[in-house]
Amino acid sequence: MITALTSLLTKPCLLHLTLSRQLSRYIHPISAAPPSPDLYFSNHFINMNAKRGQLELAHQLFDKMPDKNIFSWTILISGYSHHGKSAQCSQLFSQMLSHHRPNDFAYASVLSVCDHRHGLQVHTFALKTGFDSWIYVANALVSMYWKKNIHDAGFEAWRVFHAMDSRNLITYNSMISGLGTHGQCDKALTLFISMQRDGIEFDRTTLLTLVSSLCGRPNDGFMCFLQLHCLCIKTGLSLDVGVKTALIKGYSISAKEFNACRKLFLETNSKDRDVILWTEIMTVSAEWDPQQALILFNQMRKDDLRPDHYVFSVLIKACANLVMEQAVSAVYCRVIIAGFDNVLELSNVLIHGYARCGSIHNAERVFDEMPKRDIVSWNSILKAYAVHGKAEEALGFFRRMDVAPDETTLVAILSSCSHAGMIKEGITIFDSMENKYGILPKLDHYACMVDILGRAGHLSEAEKIIRQMPMEPDHVIWSAFLGACRKHGDANLTEFASLKLKELDPENSLGYVLVSNIYCSNNSFNEGGFIRMKMNEIGVKKEPGLSWTEIGNRVHEFASGGQRHPQIKEILQNMEVLLQQLKKIGYVPETNLVLFDVEEEHKEEQLYHHSEKLALVFALMNASDSNRVIKIIKNIRICLDCHNFMRLASKFVGKVIVVRDANRFHHFKEGECSCNDYW
DNA sequence: GTAGGGTTAG
């Protein structure tokens, strides 16, 4: 305690001049005389108004009081605190010091709303007056320290916690929540156990906080999560709609257990489902089954629940995942009707939504029309430019940002440089991250650098980055490196990187496929086949090529080979006609991309059955003359042959063809691609 | 006789 006191008092910033001056005068005798009936009723009247939020009136009444006691002061201070009026609350607290010695009511009220700087001063003052370990004051201090975004928030909170004579449920809940939100869920769990040793029973908040802090925790996190779910069932708290929402989030993030999420939602009595529960299940669905998220929205409306801006945000994400631009616009109309069009978060998600649907123009329009922007707005437009290969625009916007860039900004910018082959710019920005922007490069930034260098063919420099990075490279880094190996072919490096990728991500097929391809391209079909066999044995599957295109209000899916599509015969007939036309203007099939031991004409045939080509032919069969843009979405990266095909097709049919592959957008127009054939 | 503290799921 003495150490804590000495340490706090030695911090120069703690000694605020005004408060120090007040300190010498704070000792006022607490009046022993009973308050007059007038004073008593005036206090009640002020309290009534302050609680109702009539703070101005309450303050006027307070000012007019001929006599005030400590209740008058604490009633108004707590009124301001209750309504989050931080500045007024702190000011009144300072004024109070000239008249009364603050009590635990006043300390707790001011601490729960004041900023960090003032909070430290109040803490110092509480220490000097001996109130710092009073349970209400200490609880407010614990919470204050965790809430402040400072480096040693946890240290200060623990110090207060340890100095307390006794602790209650609120103390533990505040600590558990603080630990959880600062990513220290192990410590939160330990404290949860010691709480029970301390004889303090947990409540719904304790479990709710613990469950949500365990979401996304790696390794044994899911086992702890399951134990907590059992505890929720045992205590009957699993019936609580808030706990249920947290459990759904947990099953979705920790275990990707979509069915468990759905079961939890369905077993909730429909009259108990609130907007937050609906939002959570829609959020989960937007990732797993976006169409289902839209169905859920309609069900929610039937239950007479009014969507708020969180609901609309999820809806836009679901439409973006469905890559249905018209649906994004339709939701936006509803956003306007509901009066949420000025909500910053919704504009941010719209930028993302339009960009994901291939409409960079609409993403730009939303960004331009925003009256206010935050870091997420800037990051969203920068990411949009990155994925659409508009590096010049991204760099221009980056230079004119009016908020400090963060880690995401730098990832977006480096990824822009990578997509556009801007090696020099990328290296300069990466090297200046720490000094110029105060951001230490993390895994994502290193992955971008490996991509920038590797994609440009500087394999040894990329390898050097991997060897020299201060943390262990993860599967993303090795995938980026393998991607570069695929493009610039180095058999030894490919084998080495494949081994690394298999270690870190055994289910990732990339390593197996690439090594197999190297063998096949050297005509070593037996070895290549052996690797494919090995993949089957251990259950690693290569993601099959799929493409989607929207015709009318329906999304049509095409698998590589196309046999599943009911109109495949017609599509192949039209394909043949288009092929002959494209061959006349320079299309040459890249048959060396087909690595199977088959005859040349069969190789050509395999190329024509790639899903994006089938999607294009189908879209052309159904497109009207006014339909100037054809959009195709692909789950894996576009191959060189399809890229050539799309380029020439855009010239021949006189339409813009937008293809989104696993990595980026390609805008094909008049025989050229926005990626300048660099991808 | 009057005035409190925490968290909470999107």
Side-chain angles (χ1 to χ4, degrees), chain A residues 34-48 50-51 58 62 68-82 89 96 100 102-113 131 134-147 157 160-161 164 167-181 188 202-213 215 237 240-250 252-253 264-265 268 273-284 286 300 307-315 317 345 349:
Chain A
S36 69
D38 274 359
L39 179 53
Y40 177 76
F41 286 113
S42 299
N43 284 345
H44 265 300
F45 194 53
I46 292 173
N47 188 33
M48 194 181 78
K51 284 284 174 301
F62 173 85
K68 301 178 184 78
N69 64 4
I70 191 157
F71 288 101
S72 326
W73 287 92
T74 51
I75 282 167
L76 197 55
I77 286 174
S78 106
Y80 278 128
S81 166
H82 188 77
C89 187
M96 180 190 182
H100 291 280
N103 57 13
D104 51 338
F105 284 81
Y107 279 119
S109 294
V110 75
L111 282 169
S112 68
V113 285
F131 273 102
W134 285 45
I135 197 150
Y136 275 84
V137 182
N139 284 347
L141 280 168
V142 165
S143 160
M144 179 196 87
Y145 280 119
W146 280 123
K147 268 190 276 180
V160 176
F161 179 84
M164 289 170 81
R167 302 168 188 109
N168 62 10
L169 174 67
I170 290 165
T171 323
Y172 279 100
N173 281 356
S174 306
M175 282 299 289
I176 289 170
S177 156
L179 288 164
T181 48
F202 59 87
D203 68 350
R204 114 179 234 284
T205 305
T206 326
L207 282 188
L208 200 53
T209 313
L210 269 176
V211 168
S212 59
S213 70
C215 291
L237 283 167
D240 179 285
V241 68
V243 174
K244 200 153 265 182
T245 312
L247 286 169
I248 292 176
K249 188 181 171 192
S252 143
I253 297 178
L264 278 164
F265 176 77
T268 314
R273 294 174 189 163
D274 63 7
V275 180
I276 304 179
L277 182 76
W278 279 100
T279 315
E280 182 54 49
I281 193 68
M282 283 173 64
T283 305
V284 174
M300 188 191 100
D308 58 12
H309 79 270
Y310 290 102
V311 174
F312 285 119
S313 168
V314 181
L315 264 187
K317 278 181 204 159
E345 289 83 357
V349 79

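Both backbone and side-chain heavy atoms feed into the values below; hydrogens, waters and symmetry mates do not. Below, chains carry the letters A, B, ... as their sequence lines are ordered, and counting in each starts from 1. None of these values were measured; they are calculated from a predicted model.
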- Item | Parallel, tilted or perpendicular: rings of Phe131(A) and Tyr107(A) (30°, 60°) | tilted

- Message: Over 60° means perpendicular and under 30° means parallel, so tell me whether Phe41(A) and His44(A) are parallel, tilted or perpendicular.
- Response: tilted

- Item | Asn173(A): which of Leu210(A), Thr209(A), Thr206(A) passes side chain to side chain contact (heavy atoms under 4.5 Å, CB included) | Thr206(A)

- At under 4.0 Å between heavy atoms, which parts of nucleotides 3-10 of chain B does protein reach? Answer with one letter per nucleotide, 5' to 3': B base, S sugar-phosphate only, - none. BBBBBBBB

- Item | Working for side chain to side chain donor-acceptor pair (under 3.5 Å), residues Ser112(A) and Ser81(A) | CA-CA 7 Å; Ser112(A) 68; Ser81(A) 166; 3.1 Å; yes

- Cationic tip of Lys68(A) within the cone over Phe62(A)'s six-membered ring, i.e. under 6.0 Å and within 45° of the normal? yes

